[in-house]
Visitor: 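After the structure tokens below, expect a handful of questions from me.
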Amino acid sequence: MARPALPRPPITKAPLARGRALARTAAGGVADVLHPLLIVARGLRVLATAGRRRWEQTPRERRGPTLFFGAAGALAVALAPYGPLLALVGLLAAAGWAGRDRSALRNTPTGAEAARLRTLYEALVPHFGAPEDPDPLYAYARSWETAFEEYAFADDGRPTYLVLRYPGYFADGDPVARWHVERLLAAKCGRGREYRFDWDQEAGRLTLSVLPALPTTLCAQRFVTAPGEAVLGFTDPDAVRRTVPVTDLDGRADQHAAPVLWRTGPRSTEPHLLALGRPGSGTTTLLRSLLLQALPYADVLVVDGAGSGGYGFLHGRSGVLAVESDPAGALAALEWAAHETERRLVRAHEARRLGHPAPDDIRRPLWLVVDRPATLTHLTSTDGRPGPQELLRGPLRHGRPAHISVVIAEQPDGAETLGPYVAAATRARVVLGPASYEQLHRTLGAPPPTSPVPDTPPGRGFARLGDGPVYRLQVPATPDPYDDATSEAQRGAVLALLPGYAAAPSATEAVPSAAPPAAPR
């Protein structure tokens, strides 16, 4: 006979539910109590990350002074009355502000800003939309909030920052397609400003930001560079990893600027430079700046094909072999440069064959600066002698082992007359002044990082060294000191860089009208 099962008491889930509720209530209370500590901890982590990033971006030559002043400030705070307590309170306040919850802060645009964003969205529909897309991200019937993630506006109502999404089928690898979108956004957001466009092809996002104008108050001066390095100009601080101390026209010396360095010499990958720009864009200013930087350690030979006379202050200076402006003297100087290239190559070959170091007479660098060779070619085309470009072939082809650097400046309309070997040898490029997107892309070999603007100050443009990135560029002001329009501060800054400055003529003396010297032997 089977034994009957004993009745079991009913199991209720009420105690478990009450236990979970009590646990959640306790956790919520603990979270409320520890919420300030969590905010401070998150803020300390944010401050530490920002400090580490700032330290990594600090140039090596500035880390020692930064540590010294930081230690001096910490010692002063430690010795001050209530200094450590006040420093701790300030640190906690900064951590609390940095660790605050920013998700609740939402940038709500005004009516005018929302209308402007709506206009931008509708203008992008033909570029980012597709009729065959069943769920298009860009369509006239949809809201702009689905595509625009972040945005910021200036006081005048124009956008200064914009992050937008675009569909995956957009050809973001095509420079032409990207240029059409960039040109549209630059026109809709406001002309006259430089915009940077960062395409995140992996995430399908485009970031638009307004760049501040590069400083135009930096003048010619002695820059802290190594031998063989020349400062073409200055660019954005986040574009390069190095800064140099500079002095502006007001005499303020406690500044640092980000230079675009061009390295010359036998180990340079791009020993020759080509600068293009319209009249008044600053190409002659760039050449004067490079000449003043090269004079302390190199010999220079200047050929002024346009005959502008902007290099007259170099006559008779130490290290200046000649400054030629007439066609006969210019051809004689270029012929001498071709023969000098051959002589240096022969001397270097003999030294290597005998196992000797290179002689001193070929180790001193030689800079050959030619301004407007197209005009010189036109003036000498009737003679049976070799043209300027034929004479430049030797220095351009064999200039690296011969310690010869060639710098050529030309106008955009004359660039087509340059021979193919000139374009092939001058892969370091600078474009100054107003230029279209097509001209920049064709000259530099890569699209510019920002939208070109129609009105630019003298010396403003773009630079690219070989296969490197394209930089925004502002050439330091280096005017002709003998020009009446040059200010006294700029005239003194240029003359101070010349060898034998004490014997330089004053600004009030007349410029001598002697004939240009003959080509060097």
Side-chain angles (χ1 to χ4, degrees), residues 60-61 222-232 241-242 259-274 287 290-303 314 317-324 331-370 373 386 388-408 419-429 465-468 499-500 517-521:
R60 294 184 179 274
E61 64 271 11
R222 191 68 65 200
F223 301 111
V224 182
T225 56
E229 291 182 346
V231 176
L232 297 178
R241 298 182 179 181
R242 180 175 172 181
V260 178
L261 295 177
W262 174 46
R263 293 174 176 85
T264 60
R267 290 183 175 85
S268 173
T269 57
E270 308 299 337
H272 309 303
L273 176 72
L274 174 63
L287 266 57
L290 294 176
L291 286 171
L292 292 176
Q293 297 180 57
L295 277 178
Y297 66 92
D299 295 329
V300 299
L301 176 61
V302 183
V303 176
L314 295 173
R317 304 294 178 180
S318 176
V320 180
L321 301 180
V323 178
E324 300 293 347
L331 287 180
L334 292 178
E335 288 180 0
W336 175 87
H339 294 311
E340 176 67 10
T341 304
E342 296 177 1
R343 186 191 71 83
R344 291 190 174 211
L345 289 177
V346 172
R347 294 275 290 169
H349 176 70
E350 292 179 354
R352 286 194 298 267
R353 183 174 59 86
L354 299 176
H356 297 163
D360 295 338
D361 59 341
I362 67 173
R363 296 180 63 179
R364 182 171 175 83
L366 172 63
W367 282 53
L368 179 58
V369 178
V370 185
Q389 298 189 35
E390 294 293 332
L391 297 174
L392 284 174
R393 178 177 297 184
L396 287 173
R397 181 174 298 177
H398 307 289
R400 189 203 314 264
H403 296 263
I404 297 178
S405 299
V406 181
V407 182
I408 301 175
Y421 48 88
V422 176
T426 55
R427 297 182 67 248
R429 303 290 180 86
L465 305 177
D467 298 329
R521 293 179 297 176

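The structure presented is a predicted model; accordingly, all values stated were derived computationally and were not measured. Just so you know, these numbers use all the heavy atoms, side chains as well, and skip hydrogens, waters and symmetry mates.
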Visitor: Restricting to side chain to side chain contact (heavy atoms under 4.5 Å, CB included), what partner residues turn up for His339, sequence neighbours left out?
Guide: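 Scan of His339 (side chain to side chain contact (heavy atoms under 4.5 Å, CB included), adjacent residues dropped) gives Glu342.
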Visitor: Determine whether Ile408 and Val422 satisfy the following criterion, side-chain contact (heavy atoms from CB on, under 4.5 Å), listing intermediate values before the conclusion.
Guide: CA-CA 9 Å; Ile408 301 175; Val422 176; 3.8 Å; yes
Visitor: Val369 versus Leu290: any side-chain heavy-atom pair under 4.5 Å?
Guide: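 A side-chain contact is absent here, since even the closest heavy-atom pair is not under 4.5 Å.
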Visitor: Find the distance between CD1 (Ile362) and CG (Leu345) and round it off to the nearest 0.5 Å.
Guide: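 Going from CD1 on Ile362 over to CG on Leu345, the span is 8.5 Å.
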Visitor: Let's go through Arg344 and His403 carefully: what are the C-alpha distance in whole Å and the side-chain angles of both, what is the deciding distance for side-chain contact (heavy atoms from CB on, under 4.5 Å) to 0.1 Å, and is it a yes or a no?
Guide: CA-CA 8 Å; Arg344 291 190 174 211; His403 296 263; 3.7 Å; yes
Visitor: Under 3.5 Å, side chain of His272 to main-chain N/O of Val406, donor-acceptor pair present?
Guide: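 At least one qualifying donor-acceptor pair exists.
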Visitor: Taking atom CZ of Arg363 as the centre, report whether more than 12 heavy atoms of other residues, nucleotides or ligands fall under 6.0 Å from it.
Guide: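 Counting other residues, nucleotides and ligands, CZ of Arg363 stays at 12 neighbours or fewer.
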Visitor: Going by the rule side chain to side chain contact (heavy atoms under 4.5 Å, CB included), which residues pair with Leu465 if we only count those two or more places apart in sequence or in a different chain?
Guide: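 Side chain to side chain contact (heavy atoms under 4.5 Å, CB included) check on Leu465 returns Leu232, Trp262, Ala428.
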Visitor: What's the shortest heavy-atom distance between Ala294 and Val300, and which atoms?
Guide: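 Answer, listing the atom of Ala294 first, then Val300: CB-CG1, 4.3 Å.
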Visitor: Between OH of Tyr421 and OG1 of Thr426, what distance do you get to the nearest 0.5 Å?
Guide: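 So the gap between those two atoms works out to 11.5 Å.
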Visitor: So which heavy atom on Leu292 is nearest to which on Arg222, and how close?
Guide: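 It is O-NH1, 3.2 Å.
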Visitor: Tell me whether Arg343 is salt-bridged to Glu340, with the criterion being a basic N under 4.0 Å from an acidic carboxylate O.
Guide: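 The answer is yes: the pair qualifies as a salt bridge.
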Visitor: What is the minimum heavy-atom distance between Pro499 and Ser318, and which atoms define it?
Guide: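 Nearest pair, atom of Pro499 first, then Ser318: CG-O, 3.4 Å.
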Visitor: Which atom pairs, donor and acceptor, lie under 3.5 Å between side-chain atoms of residues 389-396 and protein residues at least two apart or in another chain?
Guide:
| residue | atom | partner | partner atom | Å |
| --- | --- | --- | --- | --- |
| Gln389 | OE1 | Gly419 | N | 2.6 |
| Gln389 | NE2 | Thr417 | O | 3.0 |

Visitor: Nearest heavy-atom pair of Ser405 and Gly265: which atoms, and what distance?
Guide: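 Nearest pair, atom of Ser405 first, then Gly265: OG-N, 4.4 Å.
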Visitor: Report yes if some heavy atom in the side chain of Val303 is under 4.5 Å from a heavy atom in the side chain of Val323; otherwise report no.
Guide: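 The answer is no; the side chains never approach within 4.5 Å.
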Visitor: If you measure from NE2 on His356 to CD on Glu350, what distance do you get to the nearest 0.5 Å?
Guide: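 Going from NE2 on His356 over to CD on Glu350, the span is 11.5 Å.
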Visitor: Answer whether the closest heavy-atom distance between the side chains of Val407 and Val370 falls below 4.5 Å.
Guide: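 They are not in side-chain contact.
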Visitor: Is there a donor-acceptor pair closer than 3.5 Å between any side-chain N or O of Arg263 and the backbone N or O of Glu229?
Guide: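 Such a contact is absent between Arg263 side chain and Glu229 backbone.
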Visitor: May I ask you to say whether Arg400 pairs ionically with Glu270, meaning some side-chain N is under 4.0 Å from a carboxylate O?
Guide: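 Result for this pair is no, no salt bridge flagged.
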Visitor: State, with a plain yes or no, whether a side-chain heavy atom of Pro259 is found less than 4.5 Å away from one of Phe223.
Guide: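 Result no, sub-4.5 Å side-chain heavy-atom pair not found.
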Visitor: Just how far is it from atom CG of Leu274 to atom CZ of Arg429, taken to the nearest 0.5 Å?
Guide: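 So the gap between those two atoms works out to 5.0 Å.
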Visitor: Test side-chain contact (heavy atoms from CB on, under 4.5 Å) on Val320 and Leu295; report intermediate values, then the result.
Guide: CA-CA 8 Å; Val320 180; Leu295 277 178; 3.7 Å; yes
Visitor: Checking side chain to side chain contact (heavy atoms under 4.5 Å, CB included) against Trp367, which of Leu301, Asp299, Thr264, Ile404 comes through?
Guide: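 Testing Trp367 for a side chain to side chain contact (heavy atoms under 4.5 Å, CB included) against Leu301, Asp299, Thr264, Ile404 leaves exactly one candidate, Thr264.
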Visitor: Between Arg427 and Asp467, does any NZ, NE, NH1 or NH2 come within less than 4.0 Å of an OD or OE carboxylate oxygen?
Guide: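 Answer for the salt bridge query: yes.
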